Structures are given as C-alpha cells and as structure tokens.
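If you're wondering where the values come from, they're calculated on a predicted model, not measured in any experiment. Throughout, protein chains are lettered first and strands after them, A, B, ... in sequence-line order, and every chain is numbered starting at 1.
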Amino acid sequence: MSTNSDAAELFREIADLLDVLGEKFKPEAYRRAARSIESLTEDLKAVAARGDLRTIPGVGEAIAEKIEEYLTTGKVDYYERLTKQVPPGIADLLRLPSLGPKTARRFWLELGVEGPNELAAAIEAGRLTGLKGFGPKKIEQVRAALAAAKAAPPSGRMPIEEAYPIAQRLLAGLRASAGAEQLEIAGSFRRCRETVGDLDLLATSETPARVFDAFSALPDVREVRLRGPTKETVILTNGLQVDLRVVEPEEFGAALLYSTGSKDHNVRLRTIARDRGLKINEYGIYRGEERVGGRTEEEMYRALRLAWIPPEIREDRGEVEQAARGAVPRLVESGDLAGDLHVHLPDEARPADVDRVVADARRAKLRYVGIVVTGVRADGSKFELPGPVLERIAQASSAALRLERVREVPADSAPEAVPPEADLLVVRPTRSAPRPTARKPGATFGPIVAHVGGEDAARPWIEWLRGASGAIEVGPGPERIDSVSARAALEAGIGLVVVTGVGRDPEDPAAPISLGFARRAGAEKGSVRNAASAAAVTRSGSAARPARSRSGA
DNA sequence: GCCGTTTTCGGCCCGACTGTTTTCAGTCG
C-alpha cells in the first residue's frame with residue numbers, strides 16, 4: 001500500500017513546484033489526484049493492471065500516464081524536469097504559515113532566496129525592507145514563522161484519538177461559559193478522519209465577543225493567532241490549531257456543512273448548486289436573491305434535491321450521486337450494537353471486574369458480551385482468568401445479557417485446536433506469529449481478528465478472512481484497522497467488529513472512534529458482526545451460523 | 001490538468017482576515 005502514499009506524495013510535490021512556477025489550476029488538479037490515490041482501498045499497481053487508472057477521480061490522461069511511468073520506472077520525468085527549474089529549498093518556504101506560492105516565488109526571483117536559511121539571512125540583512133507589499137509587520141511575521149519552524153518541527157496531522165480528549169475539553173469549557181448556544185465540532189474531526197490537521201469549532205451566540213473571550217481564556221489555549229468579528233484562531237499548548245466561528249442560527253447549517261467538508265465534497269455540492277441555478281456559501285443557499293435554506297444541513301441538502309449525507313462519508317467518492325438517487329447507505333449507529341465480542345479484563349482480574357462489565361453492558365443495552373478468558377499477549381506469553389472470575393462469568397450470564405467466553409489464539413493456531421468450551425475465537429497476531437498461516441479457519445464461527453497492527457498488517461488478514469465468515473476489529477490505535485482497511489474488508493465481504501466501550505475507562509475514545517471508522521468505511525448494520533443478535537453470533541445461541549457480512553460500500 | 005445528461009472548450013468554491021493599502025493582494029480553510 002505504500003506505493004499509493006508514495007505516489008500521492010510525489011504528486012503533492014509536483015503541485016508545490018507548479019504553484020511556485022505560477023501555474024493557476026494544475027496544482028489543484030495534482031493535489032486532487034493525490035487525495036484520491038491516498039484514499040484508494042486498492043493498491044495502485046492492481047488498479048493499473050486492470051487498466052482502471054482513469055476511473056480514479058481526478059486522474060485523467062496525463063496523470064494516468066505519470067502513474068504508469070512511476071510504477072514501471074520508479075520515477076516521473078516531468079517531476080525531475082520541474083525540480084531542475086525550482087531550487088529545492090523553495091518548497092520548504094511554502095510550509096511556513098502565512099507564506100504562500102506567490103511570496104515564495106517573489107523571494108526567489110526578486111531576492112535570489114532559495115530556501116529558509118537564506119530567507120532568514122536576507123531578513124537579518126534588512127533586504128526585505130522596501131520590498132513592495134512588505135511592511136514591518138509582514139517582515140516580522142515571516143521572521144517569527146521561520147524561527148517557529150526551526151524551534152518546533154512541523155507538527156503535521158494528529159491522530160484523532162489524541163485530539164479527541166482535547167476536543168471534549170474545549171467543548172466542555174465553552175459550554176460552561178455562558179454565551180454559546182449551538183456548538184459543534186466540524187472539520188475532519190466530525191468526518192472521523194484518522195488524523196486531524198486542526199479543530200474547527202462552530203457556535204451560535206448572541207454575544208460572539210464573549211464566546212471568543214471565554215475561548216481564548218481556556219487553559220489549553222497558548223496564543224490567539226487571529227480574531228475577527230465572526231472568527232477566532234488559536235494555538236493550543238500542544239501546538240494544535242483550533243478555529244472557532246460564531247454564526248447566526250439561520251446560518252448554522254450552511255456553516256456546519258461548509259466547515260465539515262471535505263473540500264472535494266463541498267466543491268461537488270457547489271457545482272450541483274450552480275447547475276441548478278442555486279448558489280451555496282457558508283451563510284446559506286440562494287436562488288438569485290432569495291434564500292432557500294441554511295438553518296440546518298438537511299435544509300441545505302434538500303434545496304439541492306439531495307438526501308442528507310452523514311459526515312463520515314463526505315469525501316466525494318460517489319456519496320453525492322447516491323444522495324441524488326435517494327440511496328445513501330444507512331450507516332451503522334451506536335444503537336445498532338447488540339453486543340461486544342472482545343472485552344479484556346485487567347491483569348490480576350477479580351470477580352468484581354466481571355460485575356463492572358455487566359453494569360457497563362446493561363447501561364449500553366447490550367445483549368451479549370464476550371470476555372477473553374484465555375489468550376496470548378503480544379510477546380507470546382499466555383494468560384488465563386482465575387477460577388473465581390470464571391465462576392462469576394458463569395453466574396452472571398443470563399438470558400437478557402449473555403456472557404460468552406472468548407479464547408484468544410495466536411495467529412498460527414489451527415482452529416481445530418481450540419477447545420470446545422471456548423465459545424468465540426479471537427485470532428491475535430503475536431511477535432512470533434505476526435502473519436496468518438495458509439490455513440483457513442474451519443470452525444463453525446468465523447474467527448475475529450484483533451490486535452492487528454497498522455495498514456500494511458491488515459492486508460494479509462483481509463485476504464485470509466475472505467470467504468471465511470470472519471470479522472476484523474476496526475478502530476483507533478496500532479492494534480486495530482483504520483477506515484481505509486475497513487473499507488477494503490467490507491469490499492471483500494468481511495464483517496467488522498466495533499468497539500463498544502464496555503469494560504473501558506469512560507474517557508477512552510476507542511468506542512466512538514471505532515464506530516466512526518466503521519461508518520467512514522461505509523458499514524451498514526448488516527456488515528457489523530456485533531450488531532447481529534446473540535443467536536447469530538454465539539455458540540450458545542440457537543442458530544449456529546454467523547450473520548453473513550454484506551459489503552456496505 | 002480535469003471534466004461534462006446543458007459543454008470536448010472554458011470553466012475551475014468562495015469568503016474572512018491580515019497587512020498593506022488609497023482599493024487590493026495574498027493566504028487560508
């Protein structure tokens with residue numbers, strides 16, 4: 001899969017170079033192609049082998065040829081030629097905040113500056129003063145940006161599970177301070193992307209200034225970068241940027257739609273609007289002077305004659321066409337989850353831990369919970385729950401809430417080796433058995449694969465599970481699969497297991513993010529193993545067959 | 001460079017904010 005991200009990176013670099021060269025629309029075209037390639041569930045090589053490169057959104061004749069060239073030779077001549085035209089350090093200038101292609105180009109052509117170090121030297125030498133459009137503030141801004149870039153390495157995007165508690169704190173802080181009425185997090189956080197570049201908060205309020213004052217005063221906030229009448233941008237102590245916009249209630253839906261994105265989704269909606277004689281902006285949707293919607297997202301989509309589209313799938317990957325046909329998938333919801341198939345008790349587990357799991361499960365209205373009773377850790381060592389805990393599991397199981405015993409086996413175990421008292425089987429890659437064996441599972445129940453590490457590790461497991469009625473755990477962190485792999489799993493007819501939060505710290509964001517990733521992958525209820533009834537999933541249930549997972553994509 | 005049930009050519013989202021400006025350019029999202 002790394003071919004895909006490498007190719008995407010190459011096209012991004014081409015876009016940067018074209019930007020500096022002053023090209024108008026090509027850079028966006030290359031970036032669009034890069035985004036599409038990155039979100040592909042399939043290896044670029046496989047797509048190319050089928051001759052389907054041009055079916056990738058944003059990939060036309062020219063870029064398809066460059067992909068072919070890259071796949072066969074490992075290089076792209078066009079890129080090599082561009083790098084000869086632009087000094088290598090110029091692209092680094094673009095990474096500086098407040099400095100874009102126009103400015104980078106001017107520094108290069110008018111000052112002969114070819115990179116960040118030379119720019120810093122030019123500022124020290126006073127060579128920027130007198131340059132048209134460069135007053136003292138602008139020069140100071142560039143100088144500060146250079147110093148900041150040097151001090152702190154470019155932060156990049158943050159894993160969503162890391163941003164999650166921060167976002168919750170900011171929401172809680174803003175709710176506690178009077179003034180904000182409606183309040184939502186938009187952006188890629190709302191779409192539940194695996195990583196977020198910043199946080200986008202949106203509020204309605206009679207008194208925006210008070211909301212901004214309260215926001216700036218939150219303990220997580222390090223500095224206010226900019227503040228206008230409707231918008232404030234701050235930097236948190238951990239370096240994360242957060243934008244807060246305050247809008248009128250009748251604009252809230254339009255602003256939420258706009259700031260949720262994705263960019264490609266928005267562009268698609270605006271194109272449709274234009275074709276239908278409408279105009280969309282972040283304040284509403286208009287036919288000529290007449291305003292035809294904007295208070296809610298539903299109003300916005302309805303005005304375009306589209307069904308509302310869940311944020312997680314707003315990526316311009318066909319969801320707009322589905323909405324036009326009224327065929328938006330009904331994505332799995334937390335209320336669909338009927339059980340949990342993978343609960344670990346703490347080390348040194350005691351009967352009271354079982355009681356806590358039972359209480360959690362009742363609160364979540366689950367009908368069954370699979371508790372890992374014996375298994376193997378990542379280092380290969382074995383563990384087993386003590387007798388009193390096993391007894392409590394047996395006692396506490398009821399018709400209303402069935403407790404199942406789960407055996408976790410190393411990746412290379414033959415399913416036949418699993419003793420009959422283990423009702424559910426979780427396959428766990430370990431250090432000594434990180435990959436599946438060639439052996440297909442033969443058990444009545446498709447195995448669940450969990451503790452898989454990362455995108456590259458997921459692929460062989462998806463192949464292994466194909467046709468085996470198996471399922472794979474989706475969610476944040478290195479031990480689960482992300483939404484891209486989850487989409488590949490669904491396309492292969494493999495079910496997903498969603499984390500419920502039972503037996504976990506209430507602050508642990510694994511459950512909501514797991515659900516978000518599953519939705520992002522396009523999973524419907526029928527594709528989620530633990531949305532099926534107890535009877536369909538467990539051995540003690542009457543039906544022996546697991547719910548056959550259906551692709552939701 | 002991509003794209004198209006109005007188009008194979010002529011478009012390409014659109015507005016806030018900042019700094020530098022006598023009316024706008026650049027950056028950002």
With rounding to whole Å, what would you report as the distance between B:dT23 and B:dT18 at their C1' atoms?
15 Å
Could I get a table of every N or O pair under 3.5 Å where one atom is in the protein and the other is in nucleotides 3-6 of chain B?
| residue | atom | partner | partner atom | Å |
| --- | --- | --- | --- | --- |
| B:dC3 | OP1 | A:G58 | N | 2.8 |

Taking atom P in both B:dT5 and B:dC12, compute the distance separating them and give it to the nearest angstrom.
16 Å
Between B:dG1 and B:dT6, how far apart are the two C1' atoms, rounded to whole Å?
23 Å
Whole-angstrom distance between B:dA16 and B:dG11, as gauged at atom P
25 Å
A:D16 with A:R31: basic N within carboxylate O range, under 4.0 Å:
yes
Lys/Arg N to Asp/Glu carboxylate O, A:D77 vs A:R81, below 4.0 Å:
yes
Thinking salt bridges, do A:E250 and A:R291 make one under a 4.0 Å N-O criterion?
no
Between A:R143 and A:E140, does any NZ, NE, NH1 or NH2 come within less than 4.0 Å of an OD or OE carboxylate oxygen?
yes
Taking B:dT27 as the reference, what is the distance to B:dT20 when you measure between their P atoms (whole Å, please)?
14 Å
Just one of A:E232, A:E251, A:E282 clears the side-chain hydrogen bond (donor to acceptor under 3.5 Å, both in side chains) bar with A:R245, so which one?
A:E282
Using heavy atoms to find the nearest nucleotide of DNA chain B for A:E232 and A:V267 separately, return the residue whose nucleotide is more 5′.
A:V267
Measure from the side-chain heavy atoms of A:L226 and tell me the nearest of B:dG1, B:dT18, B:dA16.
B:dT18
Nucleotide N/O of nucleotides 22-29 of chain B paired with protein N/O under 3.5 Å:
| residue | atom | partner | partner atom | Å |
| --- | --- | --- | --- | --- |
| B:dG26 | O3' | A:T103 | OG1 | 3.1 |
| B:dT27 | OP1 | A:G100 | N | 2.6 |
| B:dT27 | OP1 | A:G100 | O | 3.0 |
| B:dT27 | OP1 | A:T103 | N | 3.0 |
| B:dT27 | OP1 | A:T103 | OG1 | 2.4 |
| B:dT27 | OP2 | A:K102 | N | 3.3 |
| B:dT27 | O5' | A:G100 | N | 3.4 |
| B:dC28 | OP1 | A:S98 | N | 2.7 |
| B:dG29 | OP1 | A:Q241 | NE2 | 3.4 |
| B:dG29 | N2 | A:Y258 | OH | 2.6 |
| B:dG29 | N3 | A:Y258 | OH | 3.2 |

Got a sec? Which of residues 69-84 of chain A come in under 4.0 Å of DNA chain B, heavy atoms?
none
Picking from B:dG1, B:dT20, B:dA16, which would you name as closest to the side chain of A:K137?
B:dT20
Going by atom types only, do A:T41 and A:E491 share a side-chain donor-acceptor pair under 3.5 Å?
yes
Decide, yes or no, whether a salt bridge links A:K231 with A:D200 under the criterion of side-chain N to carboxylate O below 4.0 Å.
no
Is atom CD of A:E223 surrounded by more than 12 heavy atoms (other residues, nucleotides or ligands) closer than 6.0 Å?
yes
Pairing nucleotide - B:dT8, Watson-Crick or G-U, each distance under 3.5 Å
none
Taking the basic N atoms (NZ, or NE/NH1/NH2) and the acidic carboxylate oxygens, is any pair closer than 4.0 Å for A:R314 and A:E297?
yes
Salt bridge between A:R32 and A:D316, side-chain N to carboxylate O under 4.0 Å?
yes
Near-parallel close stack of A:F25 and B:dC2 base (under 5.5 Å, under 30°)
no
Distance-only side-chain donor-acceptor flag, A:R190 / A:T260, under 3.5 Å:
yes
